[in-house]
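Shown next, in structure tokens, is the structure this report addresses.
Below, chain A is the first sequence line, B the second, and so on; all start at residue 1.
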Number of protein chains: 2
Amino acid sequence: MDPAPHILVVDDHREIRDLLAKYLAKNGLRVDTAGSSAEARQALKAAAVDLVVLDIMMPGEDGLSLCRHLRETSDTPVILLTAMAEETDRIVGLEIGADDYVTKPFNPRELLARIKSVLRRASSLPRPRDQLEPATRRLGFDRWTLDVDRRELVGPDGVAVPLSTAEFRLLTTFLKRPRMVLSRDQLLDLTSGRAAEVYDRSIDNQVSRLRRKIEADPKAPAIIKTVWGGGYTLAADVRELP
Amino acid sequence: MDPAPHILVVDDHREIRDLLAKYLAKNGLRVDTAGSSAEARQALKAAAVDLVVLDIMMPGEDGLSLCRHLRETSDTPVILLTAMAEETDRIVGLEIGADDYVTKPFNPRELLARIKSVLRRASSLPRPRDQLEPATRRLGFDRWTLDVDRRELVGPDGVAVPLSTAEFRLLTTFLKRPRMVLSRDQLLDLTSGRAAEVYDRSIDNQVSRLRRKIEADPKAPAIIKTVWGGGYTLAADVRELP
DNA sequence: GGGCCATTGACACACTTCGTTACACTTCTT
DNA sequence: AAGAAGTGTAACGAAGTGTGTCAATGGCCC
């Protein structure tokens, strides 16, 4: 089970803030609050926030400005609160890149539904920071067992194959996302965090080296398959062996 | 350049449908329309739809029901249209898993902004084009078994025939729609999401290559039949082997 | 059945993407 | 500091895919 999602509620009205925080917390979310954009920026630095609920109309820096900033610097989803049913505001909000908005006065149940909807979408993204469950020490796939602690592959005959750092990272990246087609860009981002250069073939190379170690017949790969024009995919089930 | 996103507009009012289709098409989207949930289901099989704009109130099967079905069988994003500002409808819609909703009467510009917003979120996901039922691991047809996970074709004698990416995509497209006549345009859309060029022969070529692998006598195809002037069709029953 | 046209099948070829090897550069060890 | 292992870059051949062409075939009209 994932930890409870962390929501940041930003509104200059204390009542709304507290009411909302209480309601959301009661429904299984972790909630922080902020009374201004400045406070919000502080809170965002201090904690890993999964979603921001953001009032547009606030004294000082307004919500749209903060939203724009968020969109430029992170992928954190944003739901806007707009006091008036001002169509323009709503459209501008969406065009800026907010994930959703709710017009005041709103039904808390509706806001909760929207939060869950946005979180569901966000969590289906391949997340680079997604760690494996701490308990998971070994992963089984095909005929292999990956010992995560020892960074070692164990074959069916018990023979251990050592993996280099890059090979290990690439393999765990695949094991966390079985059957998902991952582009070279994504793989590069997920394994080393860097963006691709032009004509970057390093992932191809890594895949080639990894295949040489895990494939029965590297000429006809059965575990890591190539998707022409798309990337690579792990064609195997993954078993967690705690 | 990515192909233009493909939108399906579902509404029982012809005027709204046509107006909307025209407006969206003018803004660079490919648009199909359907006048009922039944038509919509048909259209969803016939084309690779990137997003559905769906009226809730329709005679026959209503929008919520279709939305629920969509959410259970695919990840295709849905934007709901609701005639009344009925809060209950909107909330139920979101809880069912719609990605957004718009209340009638609406500003086309707002709908467009929402469509783009939802598409932007959806497109950061690696798009699973070959969305078979989740449980479906293997499909049997004629004398063959397609191992969907391994992207491999297994013959009656147990011999595995490797498929290229395009061949695999083409074959799964047929297997999902047995006995259905698919035009070249549809096949191109369903396999690669792109629209046809003039005198586009790539599908013919792919069919030819696939036949060479699966037909007992490629000169007299028995599995993938040609429908003169219409396209191709899979002339075989498909068995799901979980 | 015969002539005509559009559609289709097959093939060759161009182009893109991918696999592999060799090699240079970096990092870590000794 | 020298060596070893790991990793990225470049290059070349192989495989996959789309395009263009021509011949074969099916439908249509007579």
* Asked: Could a donor-acceptor pair under 3.5 angstrom be found where the side chain of A:N205 meets the base of D:dT9?
  -> yes
* Would you mind building the protein contact string for nucleotides 23-30 of chain C? One character per nucleotide, 5' to 3', B for base within reach (heavy atoms under 4.0 Å), S for sugar-phosphate only, - for untouched. => --------
* Test for a donor-acceptor pair under 3.5 Å between the base of C:dG9 and the side chain of B:R201, counting only N and O atoms. => yes
* Gap separating the CZ atom of B:R169 from the CZ atom of B:R151, nearest 0.5 angstrom -> 7.5 Å
* Asked: Where the side chain of B:R184 is defined as all heavy atoms beyond and including C-beta, which of C:dA12, C:dT20, C:dT8 is the nearest nucleotide?
  -> C:dT8
* Provide, to the nearest angstrom, the distance between the CD1 atom belonging to A:I224 and the P atom belonging to C:dC18. => 15 Å
* Asked: Do B:Y232 and B:R184 have side-chain atoms, one donor and one acceptor, less than 3.5 Å apart?
  -> yes
* So, does the side chain of B:D204 form a donor-acceptor pair with the base of D:dT19 at under 3.5 Å? -> no
* To do: Give a yes/no answer on whether the side chain of B:Q206 brings an N or O atom under 4.0 Å of OP1 or OP2 in D:dG18.
  => yes
* B:R201: side-chain contact (heavy atoms from CB on, under 4.5 Å) partners, not counting sequence neighbours -> B:D204
* Does a salt bridge link A:D147 with A:R138, judged by any charged N lying under 4.0 Å from a carboxylate O? -> no
* Asked: Any Lys/Arg nitrogen of B:E167 or B:K213 sitting under 4.0 Å from an Asp/Glu carboxylate oxygen of the other?
  -> yes
* **Given B:I7, B:L8, B:L44, the one that forms side chain to side chain contact (heavy atoms under 4.5 Å, CB included) with B:D32** => B:L8
* Asked: So what does A:T226 hit on the nucleic acid, given a heavy-atom distance under 4.0 Å: a base, only sugar-phosphate, or nothing?
  -> sugar-phosphate
* Structure fact -> Here the residues of residues 159-166 of chain B within 4.0 Å heavy-atom distance, strictly under, of DNA chain D are B:S164, B:T165, B:A166
* **Under-4.0 Å salt bridge between A:D217 and A:R211** => no
* **Step-by-step side chain to side chain contact (heavy atoms under 4.5 Å, CB included) determination, B:R17 to B:K22** => CA-CA 9 Å; B:R17 229 160 50 213; B:K22 209 165 164 185; over 6 Å; no
* For A:Y232, report the nucleic acid contact type (base, sugar-phosphate, nothing); a contact means any heavy atom under 4.0 Å. => sugar-phosphate
* Which of the following nucleotides, C:dC18, D:dT9, D:dG18, is nearest to the side chain of B:S202? -> D:dG18
* Structure fact -> Under a 4.0 Å heavy-atom cutoff, the residues of residues 211-222 of chain B touching DNA chain D are none
* Asked: How does protein contact run along nucleotides 23-30 of chain D, one letter per nucleotide 5' to 3', with B for base contact, S for sugar-phosphate only, - for none, heavy atoms under 4.0 Å?
  -> ---BS---
* Does any donor atom in the side chain of A:S183 or A:D185 lie under 3.5 Å from an acceptor atom in the other side chain? -> no
* Asked: Are B:R239 and B:D142 close enough for a salt bridge, meaning some N to O gap below 4.0 Å?
  -> no
* To do: Determine to 10° how strongly the helix from C:dG1-D:dC30 to C:dT30-D:dA1 is bent, judged from the axes of its five-pair ends.
  => 30°
* To do: Give a yes or no on whether a salt bridge exists between B:R150 and B:E152, defined as a side-chain N under 4.0 angstrom from a carboxylate O.
  => no
